[in-house]
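The structure appears right after this line, and notes come after that.
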There are 2 protein chains.
Amino acid sequence: MTRANAGTKGVPRADRELQIVRAACEVFGTVGFGRASVAAIAADAGISKPLVYQYFGSKEGLFLASFNYGAETLAAEMERVAADDSVGLERGLRTLDGLFRMLEPQPWLWRLLFDPTAPDDGEVATARTVYTDRITRLAIEGVGELMQLVGDDDPLDASALTAVWMSAVDALIAWWLDHPGVTPAEMTGRCHRLITALSGAAVPADLPS
Amino acid sequence: MTRANAGTKGVPRADRELQIVRAACEVFGTVGFGRASVAAIAADAGISKPLVYQYFGSKEGLFLASFNYGAETLAAEMERVAADDSVGLERGLRTLDGLFRMLEPQPWLWRLLFDPTAPDDGEVATARTVYTDRITRLAIEGVGELMQLVGDDDPLDASALTAVWMSAVDALIAWWLDHPGVTPAEMTGRCHRLITALSGAAVPADLPS
DNA sequence: TTGCGGTAACTTACTCGAAGGTCATATCCC
DNA sequence: GGGATATGACCTTCGAGTAAGTTACCGCAA
């Protein structure tokens, strides 16, 4: 009886893995890969650290599983919106609306996708490339439509605007998370007003000297 | 002679401190506070770790000095631009232009300001609040002018648009850093075209359901 | 039904390395 | 000689990863 608490609890591996991944998503997405500790995640999930290692091999392996879980959720939602026939800024607005609704119960998933403290090599880098490409493809597609409407065909312009767009999405989600109590519908309305404001503002005539 | 390399090199403290802070800015701004090691910074600066502790007390103290150094540089530049009489998007464009020129020789200063792995309490938090407020004040001022031009007086809208603006600046700088060889003047031209593109795009008529 | 071996599930208690921080000492300028 | 400048070697803490053992479930033979 040296290890009083040892022995199986009768929970099948698949169930435990999901349970651990969900706890890991919240921790990784909240404090980031760098600050997260495997022991803390295990405690959150209600099991011990070695079980995490038995199932996921390493901290990086656990992050990989969590990342895939979260990224798949988000990518699927964005592709769903992209399948509509809206274009230009309206398509952007619909994407935002879908994200707000999806993230309401699990806002940390978004941070998971763009965690700057995550490993930048190995399988994690591969997975991030896969999902970033998948999401960026949608953004590039949307931005490309917008640029075509306006008559700008510089590919670097499109690349830069894609970066700005994704960053704006990030900022709006971060702002939303900082203002609890604002519903997804209200946020979508706010985004609509902001787009209107930007479009209504006068364009500067020339460049600074 | 057990410590062969010991003894003063005749460098006054103020000079060494500046030398260390400059090395620290580059490391902190490149890999972030979390991943940076004091030993590596000391090596970069060409001195030993205990000297860093003698002069700055702790890793956090070193970061604080570096942060103040970098943030002051950036805040001063932005205030210089804000003193002009341009308004709306033109003011935004001039701010971007000033930042590109300022950051060209030391791009890492920007990352220093928004390092998510920096400590979020103590003196560092205080300093960040001071500089964030100082910079955000400028952004809010600029956004406020724009919102007034357009007729939107919702303070939360202004708050959110400020967040989006600062994030867009961040994205443009990050994009620029990923595309070496692009001059500040070219970047400013690109930003001008992007603003034009956004303003020219049709505003969506209504909200998603 | 009962007993029993094999396997999957699970834990305590450890090792090990990296990095923050300190101590005692050495050298040089005035 | 005294104080400022400087360092090699050390201590300490924290967290990733591991070794080895414990318990429960399950199929199957008697």
Side-chain angles (χ1 to χ4, degrees), chain A residues 1-21 23-24 27-28 30-66 115 117-119 121-124, chain B residues 1-21 23-24 27-28 30-66 115 117-119 121-124:
Chain A
M1 63 145 79
T2 53
R3 281 159 181 74
N5 238 346
T8 177
K9 310 287 194 298
V11 180
R13 174 164 183 161
D15 292 7
R16 271 282 192 252
E17 283 187 347
L18 189 59
Q19 176 185 354
I20 295 171
V21 161
V27 174
F28 283 138
T30 304
V31 307
F33 178 85
R35 284 188 204 250
S37 98
V38 176
I41 292 171
D44 276 13
I47 48 89
S48 70
K49 192 168 64 159
L51 194 60
V52 174
Y53 280 91
Q54 188 172 331
Y55 286 171
F56 298 96
S58 64
K59 182 182 183 183
E60 197 169 322
L62 176 59
F63 181 80
L64 182 62
S66 309
D115 184 355
T117 69
D121 57 356
E123 289 184 79
V124 171
Chain B
M1 67 146 75
T2 53
R3 280 158 182 76
N5 237 347
T8 178
K9 311 286 194 298
V11 180
R13 174 163 181 162
D15 291 8
R16 273 280 192 254
E17 283 187 348
L18 188 59
Q19 176 185 352
I20 296 171
V21 161
V27 174
F28 282 137
T30 303
V31 307
F33 178 84
R35 284 189 205 250
S37 98
V38 176
I41 291 171
D44 276 13
I47 47 89
S48 71
K49 192 170 63 158
L51 194 60
V52 174
Y53 280 91
Q54 189 171 330
Y55 285 170
F56 298 96
S58 65
K59 182 182 183 182
E60 198 169 321
L62 175 60
F63 181 80
L64 182 62
S66 310
D115 184 355
T117 69
D121 57 356
E123 290 185 79
V124 171

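A note on names: the letters A, B, ... follow the listed sequences, proteins ahead of strands, and every chain is numbered from 1. Fair warning: this is a prediction, and the values are worked out from it, not measured in the lab.
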Parallel, tilted or perpendicular: rings of B/Phe63 and B/Phe28 (30°, 60°): perpendicular
N or O in side chain of B/Arg16 less than 4.0 angstrom from D/dT5 OP1/OP2: no
CD on A/Glu60 to CG on A/Leu62, rounded to 0.5 Å: 11.0 Å
Minimum heavy-atom distance between B/Gln54 and B/Arg13, given as atom pair plus value: O-NH2, 4.0 Å
Residue A/Ser37, side-chain heavy atoms: nucleotide from D/dA6, D/dG15, D/dG17 that is nearest: D/dG15
Residue-phosphate contact under 4.0 Å: B/Tyr55 side-chain N/O, D/dA4 OP1/OP2: no
Length of the line joining A/Lys59:NZ and C/dC16:P, which is rounded to integer Å: 21 Å
Separation of D/dA4 P from B/Asp15 CG (nearest whole Å): 17 Å
B/Arg35 CZ - C/dG20 P separation (whole Å): 14 Å
Minimum heavy-atom distance B/Phe33-B/Lys59, with the two atoms named: O-NZ, 3.0 Å
Given DNA chain C, 5'-ward residue of the pair B/Gly10 and B/Ala36, judged by closest heavy atom: B/Ala36
Separation of C/dA26 C1' from B/Gln54 CD (nearest whole Å): 13 Å
Sidechain-backbone polar pair: A/Gln19 side chain, A/Ala45 backbone, donor-acceptor under 3.5 Å: yes
Interface with DNA chain D, restricted to residues 42-51 of chain B and to heavy atoms under 4.0 Å: B/Ile47, B/Ser48, B/Pro50, B/Leu51
Side-chain N,O (A/Lys9) to OP1/OP2 (C/dA9) below 4.0 Å: no
Any residue meeting side chain to side chain donor-acceptor pair (under 3.5 Å) with A/Arg35, in chain and number order, not counting sequence neighbours: none
A/Tyr53 OH to D/dG15 P, straight-line distance once rounded to whole Å: 11 Å
5'-most by nearest nucleotide on DNA chain C - A/Arg13 or B/Phe33: A/Arg13
Where B/Ile47 and B/Ile20 come nearest, the two heavy atoms and their spacing: CD1-CD1, 4.0 Å
